[in-house]
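Right, one structure below, let's go through it.
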Amino acid sequence: MAAPEAWRARSCWFCEVAAATTMEATSREAAPAKSSASGPSAPPALFELCGRAVSAHMGVLESGVWALPGPILQSILPLLNIYYLERIEETALKKGLSTQAIWRRLWDELMKTRPSSLESVTCWRAKFMEAFFSHVLRGTIDVSSDRRLCDQRFSPLLHSSRHVRQLTICNMLQGATELVAEPNRRVLETLASCLHTLKFRHLLFSDVAAQQSLRQLLHQLIHHGAVSQVSLYSWPVPESALFILILTMSAGFWQPGPGGLPCRLCGEASRGRAPSRDEGSLLLGSRRPRRDAAERCAAALMANRRKSEVKQMPRAAPATRVTRRSTQESLLAGGTESKRELHPPATSHEAPGSKQPTSAPATTSSASASSSTSSSKRAPASSAPQPKPLKRFKRAAGKKGARTRQGSGAESEDLYDFVFIVAGEKEDGEEMEIGEVACGALDGSDPSCLGLPTLEASQRFRSISTLELFTVPLSTEAALTLCHLLSSWVSLESLTLSYNGLGSNIFRLLDSLRALSGQAGCRLRALHLSDLFSPLPILELTRAIVRALPLLRVLSIRVDHPSQRDNPAVPGNAGPPGHVIGDEEIPENCLEQLEMGFPRGAQPAPLLCSVLKASGSLQQLSLDSATFASPQDFGLVLQTLKEYNLALKRLSFHDMNLADCQSEVLFLLQNLTLQEITFSFCRLFEKRPAQFLPEMVAAMKGNSTLKGLRLPGNRLGNAGLLALADVFSEDSSSSLCQLDISSNCIKPDGLLEFAKRLERWGRGAFGHLRLFQNWLDQDAVTAREAIRRLRATCHVVSDSWDSSQAFADYVSTM
């Protein structure tokens with residue numbers, strides 16, 4: 001009897017509280033009704049008035065409301081604001097109540113957007129609160145405009161921050177300054193513990209203050225937080241300083257910006273700690289320029305570009321600004337006259353900017369003498385350049401100049417080449433301050449004034465595991481920085497480079513991936529690469545990637561247009577094409593998933609077969625728009641799959657003309673190891689459909705391992721659908737449970753007959769049937785009847801599609 005007594009006591013308590021506020025609430029509701037020009041309206045229900053009164057006084061009544069019986073609490077939940085509705089979630093679940101419908105209604109009424117059809121929302125509360133946080137942060141929603149959003153007892157940002165798993169920063173870094181402000185310290189601490197993905201969309205040029213705020217934000221969320229993925233989307237003109245800042249912070253490097261305070265979370269002991277010399281060499285690997293030098297070069301290049309945009313520097317300065325054309329002419333003018341006096345960068349135990357001692361060891365005296373001799377012969381910088389033929393600065397010239405610096409070490413030689421290779425990559429007519437580049441790259445100057453930390457003096461922290469760059473064009477300095485960071489980014493597990501205009505920088509990328517693969521503890525297992533053009537054919541590029549990353553598990557590569565192989569090797573590549581692609585056999589690798597999107601043109605089947613032979617662990621293969629010279633070449637690929645890829649489970653072909661490869665298709669359907677096959681828009685039934693369909697059905701009836709068959713866009717028609725129905729007959733050993741027949745010109749009467757045949761054979765539920773974009777709108781009644789019958793045997797997924805848009809397909813099947 002204790003439980004009913006408690007129930008009645010709580011109900012009486014609610015009535016007493018409600019009665020105490022009913023008169024006041026009723027007067028507020030009745031006042032507008034009396035003054036309404038249209039006459040009095042029906043007053044709200046008494047229970048609703050009581051619920052609103054309780055909701056308005058939740059600060060006092062919250063504990064009592066939590067103890068209310070389930071039926072009463074269920075009626076109060078829709079009347080609460082989002083803060084108390086979120087707080088009462090756990091109590092409601094214990095009473096068997098769900099708030100999902102309430103949060104969905106709030107989303108529809110306040111956010112006024114529809115989630116993507118591809119998105120499966122599992123928790124509307126988390127989705128609403130995450131979107132609410134972003135809107136409040138960017139100032140795109142007014143919390144005072146709706147009583148459900150406004151409550152003086154709660155901070156909108158702090159209360160919703162615990163639900164944020166993905167944060168998007170747009171345009172001019174809106175929200176970064178607000179998050180690092182002192183009043184929002186608790187918000188940032190909460191984000192650091194729960195945020196997993198940080199996205200940047202449509203970034204624009206930003207000021208120094210915004211970049212400093214972003215620096216602190218990234219340090220808190222990545223280095224001291226849980227962010228594991230950074231994605232950049234649609235940045236047509238990347239600001240190099242900002243882009244490199246995001247990259248270096250994502251890779252785990254940190255140094256307070258100019259005027260910035262040290263991080264309070266780093267600890268007094270670690271403040272200002274510089275990596276040891278061994279750590280610095282580990283970051284970059286052997287036989288590569290030191291990272292601080294590479295970054296100083298990139299910083300100097302960015303400074304030059306900024307100053308050339310301003311165009312306010314006096315041209316009478318001592319000849320620091322010269323064009324690339326005149327620079328090359330002066331470098332090629334007189335053999336030894338092209339040699340410059342270049343000083344190596346300051347080492348980790350030297351103070352930045354410290355001068356070299358006047359006395360030098362004997363090993364460097366000859367180099368100094370040669371350098372002084374060449375400088376005495378060199379013409380003044382202000383003299384006009386000699387009219388020499390224009391050439392690109394070759395690496396051989398760098399090696400020749402390196403002979404004057406014997407004893408400076410391989411580091412200075414590589415750095416000497418690096419500086420002038422970067423200069424050679426500049427387009428004709430683009431100006432470059434050679435003197436400032438040399439000074440900024442080589443004299444140990446601090447580029448932190450540009451917003452870039454000097455990595456040699458930076459602390460190494462936690463780094464992200466997933467990096468994605470979508471439609472972000474990479475300049476030379478940005479590509480160099482990315483490649484240098486990648487070469488030691490051992491925590492990186494997944495890398496996506498999509499339409500970045502890499503061009504010849506793909507060779508630098510391959511070398512950095514090869515260096516990364518040689519690092520102990522390398523975790524890179526997934527690489528997604530796509531671009532409009534590639535200096536290498538896609539199959540050669542695939543071979544190079546697989547050879548560079550033998551531990552890779554997932555590789556997705558797409559090139560939209562054929563490669564231009566006139567001269568893929570340009571000055572500055574880390575290695576010539578022969579060194580990158582090679583002709584030797586590919587060693588055994590760990591590839592499990594391979595997706596390839598081909599440009600138009602016939603592909604050499606032997607190159608693809610060589611990749612498949614080396615991928616014995618391959619489980620999933622997808623070929624998009626692949627074209628082979630003959631059906632025999634396609635058959636060679638399939639035979640290779642059968643002999644070498646015994647673990648293959650899923651095979652997909654998209655946008656391929658397989659009308660002349662019917663025997664090869666039958667060979668695939670008889671493969672007893674494949675579990676899922678996709679022929680998407682492959683023109684399977686374009687030729688000999690009357691003969692091919694029975695052969696195809698017979699092959700499927702004898703295959704007991706095939707679980708899924710996807711045939712979208714193959715113009716199957718009613719006749720083909722009825723032929724496929726025989727796969728589910730009583731004498732069939734097929735275990736097919738997923739069938740996709742979307743975009744196949746199927747009409748309602750054919751679908752109805754297909755459903756009747758399944759019923760006649762008494763076939764049990766076989767899984768999923770997809771019917772998107774078929775001509776089912778021609779007879780809606782028959783289509784509904786067919787779908788009703790089909791749902792008794794399988795799960796049907798369809799849509800309401802206007803078949804009048806498919807007139808071209810209709811004409812082609814007449």
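Note that these values count all heavy atoms, side chains included, but never hydrogens, waters or copies made by symmetry. Because the structure is predicted, anything quoted here is derived from the model rather than measured.
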Exercise for the section: Mark yes or no for whether Ser465, through its side chain, and Ser228, through its backbone, hold a donor-acceptor pair below 3.5 Å. Expected result: yes
What I want to check is whether the side chains of [X] and [Y] have a donor and an acceptor closer together than 3.5 Å.
| X | Y | result |
| --- | --- | --- |
| Thr496 | His528 | no |
| Asp749 | Thr782 | no |
| Glu592 | Ser617 | no |
| Arg710 | Gln738 | yes |
| Arg688 | Gln662 | yes |
| Thr168 | Gln166 | no |
| Ser743 | Gln773 | yes |
| Ser231 | Glu468 | yes |
| Thr705 | Asn703 | yes |

Handout entry: Residues Arg104, Asp108: salt bridge by 4.0 Å N-O rule
Key = yes
Exercise for the section: Let me know which of Leu469, Val472, Leu203 forms a side-chain contact (heavy atoms from CB on, under 4.5 Å) with Pro238. Expected result: Val472
Practice task
Hey, could you give me each pair passing salt bridge (charged side-chain N to carboxylate O under 4.0 Å, His left out) that has a residue in residues 640-649? Not counting sequence neighbours.
Solution key: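 Non-adjacent pairs meeting salt bridge (charged side-chain N to carboxylate O under 4.0 Å, His left out): zero.
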Problem - Test of ring centre spacing under 6.0 Å for Phe634 and Phe653 - result: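 Under 6.0 Å, so yes.
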